[in-house]
Trainee: 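Please see the structure below; I have some questions.
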Amino acid sequence: SKTIASMRSFETASSSEKVLVSFGDALSPQWGIFDLIDLVWRPLQSGINYATWGKDDNEIFAVYGEEKRLVKIDLSRNNQQNVILNNFGFKDSKIRFAGDNRLIVFERTSAEYPSRVWTLDLKKLELQTIFAPRNGLTLDFGRGGSYFVFSPPNDFSILNPRLRKFLQIL
């Protein structure tokens, strides 16, 4: 059994068979995977700042180390790392795999300062702005690849998996 103190985040894999978990110190969190089928805890290497699932249960994208390398970790190959970018210069941001070889990069939100959202094409290494700076901009992920976007005072929308607005709620 594993005691987890100060859980920071968790993300269920697309198969719903594994959970990616961060816990501990916010500045240097510990990361691991809990296998819901085998009921086994598998710690990941230290130095991961932020991580997200990739296309399946065997792939993780992570921002790693003091130099903030963006890496793809292949869990089926003994956690082999493939460096995508040597200096992932975003501070206080999260990433999320969006299919089609894209990552979504989003700054932490605050009502006090603007945050932005981008997509990063993993093949071309091109960055494209999805949302220009807005105070309180919040992006969350739904099942089936949809995205929920809220921006105060009254903008609430749902985006399709191609990141295009298909339903304006407010």
Side-chain angles (χ1 to χ4, degrees), residues 1-108 115-130 139-148 159-164:
S1 84
K2 172 76 176 165
T3 301
I4 296 178
S6 302
M7 185 165 48
R8 299 282 171 205
S9 68
F10 67 93
E11 181 183 339
T12 306
S14 59
S15 69
S16 299
E17 294 179 357
K18 296 178 183 176
V19 181
L20 181 63
V21 180
S22 73
F23 58 96
D25 183 1
L27 297 177
S28 60
Q30 296 175 310
W31 286 84
I33 297 170
F34 186 72
D35 189 315
L36 297 167
I37 303 301
D38 298 336
L39 301 179
V40 174
W41 173 257
R42 294 182 177 92
L44 293 172
Q45 61 267 35
S46 63
I48 294 175
N49 301 305
Y50 191 79
T52 189
W53 289 108
K55 66 179 185 242
D56 58 35
D57 290 14
N58 289 315
E59 184 177 89
I60 293 175
F61 289 93
V63 178
Y64 184 76
E66 288 183 29
E67 54 282 341
K68 306 283 191 249
R69 289 185 314 254
L70 177 62
V71 299
K72 180 168 70 172
I73 300 172
D74 187 340
L75 300 173
S76 68
R77 295 189 174 172
N78 201 25
N79 295 354
Q80 177 182 350
Q81 292 186 16
N82 178 24
V83 176
I84 297 168
L85 288 173
N86 278 315
N87 184 1
F88 188 72
F90 294 95
K91 295 186 179 185
D92 208 14
S93 62
K94 290 184 176 182
I95 56 174
R96 182 76 179 238
F97 186 70
D100 296 331
N101 287 304
R102 294 177 303 149
L103 283 179
I104 294 178
V105 180
F106 53 103
E107 295 174 312
R108 294 201 193 269
S115 54
R116 296 164 288 190
V117 179
W118 302 269
T119 58
L120 174 63
D121 184 308
L122 296 168
K123 286 186 178 180
K124 299 176 186 175
L125 296 181
E126 292 177 345
L127 200 60
Q128 179 181 5
T129 302
I130 299 176
L139 179 72
D140 205 353
F141 306 92
R143 292 270 181 208
S146 59
Y147 302 91
F148 302 95
L159 307 180
N160 66 20
R162 303 290 298 155
L163 301 170
R164 291 186 174 80

Trainee: Could you give the distance from OG1 (T119) to CZ (R102), rounded to the nearest 0.5 Å?
Mentor: 6.0 Å
Trainee: For residues A62 and I73, report the shortest heavy-atom separation together with the two atoms involved.
Mentor: CB-CD1, 4.0 Å
Trainee: Of all residues at least two apart in sequence or in a different chain, which pass the ring-ring contact (aromatic ring centres under 6.0 Å, His included) check with F106?
Mentor: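 So F106 forms a ring-ring contact (aromatic ring centres under 6.0 Å, His included) with F141.
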Trainee: Enter the distance from D35:CG to E17:CD here, rounded to the nearest 0.5 Å.
Mentor: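 Taking CG in D35 and CD in E17, the distance rounds to 7.5 Å.
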Trainee: Determine, stepwise, if the pair W118 / F90 fulfils side-chain contact (heavy atoms from CB on, under 4.5 Å).
Mentor: CA-CA 11 Å; W118 302 269; F90 294 95; 3.3 Å; yes
Trainee: Distance-only, no hydrogens or angles: does the N49 side chain make a donor-acceptor pair with backbone N or O of G65 under 3.5 Å?
Mentor: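 Between the backbone of G65 and the side chain of N49 there is a qualifying donor-acceptor contact (under 3.5 Å).
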Trainee: Run L75 and I33 through side-chain contact (heavy atoms from CB on, under 4.5 Å) and show every step you take.
Mentor: CA-CA 10 Å; L75 300 173; I33 297 170; 3.4 Å; yes
Trainee: With rounding to the nearest 0.5 angstrom, report the OG to CH2 distance, S46 to W31.
Mentor: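 Output value for this atom pair is 13.5 Å.
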Trainee: Could I get the full list of salt bridge (charged side-chain N to carboxylate O under 4.0 Å, His left out) partners for E126, not counting sequence neighbours?
Mentor: none
Trainee: When rounded to the nearest 0.5 angstrom, what distance separates CD in Q30 from OG in S22?
Mentor: 10.0 Å
Trainee: Please walk me through it: do V105 and F88 pass side-chain contact (heavy atoms from CB on, under 4.5 Å)?
Mentor: CA-CA 11 Å; V105 180; F88 188 72; 3.9 Å; yes
Trainee: In Å and rounded to the nearest 0.5 Å, what is the CG to CZ distance from L120 to F97?
Mentor: 11.0 Å
Trainee: Quick one: CG on L70 to OH on Y64, what's the gap to the nearest 0.5 Å?
Mentor: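 One gets 13.5 Å once the value is rounded to the nearest 0.5 Å.
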Trainee: Taking E11's backbone N and O only, do any of them form a donor-acceptor pair with W53's side chain (distance below 3.5 Å, no angle check)?
Mentor: yes
Trainee: Measure from the side-chain N and O atoms of R8 to the backbone N and O of G24, and report whether any donor-acceptor pair falls under 3.5 Å.
Mentor: yes
Trainee: Tell me, yes or no, whether the heavy-atom count around E67 atom CD, taken from other residues, nucleotides or ligands under 6.0 Å, exceeds 12.
Mentor: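 Enclosed: over 12 neighbouring heavy atoms sit under 6.0 Å from CD of E67.
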Trainee: Main chain of N58, side chain of D56: is a donor-acceptor contact present, judged purely on distance under 3.5 Å?
Mentor: yes
Trainee: Who are the side-chain hydrogen bond (donor to acceptor under 3.5 Å, both in side chains) partners of D74, not counting sequence neighbours?
Mentor: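 Only S76 meet the side-chain hydrogen bond (donor to acceptor under 3.5 Å, both in side chains) criterion with D74.
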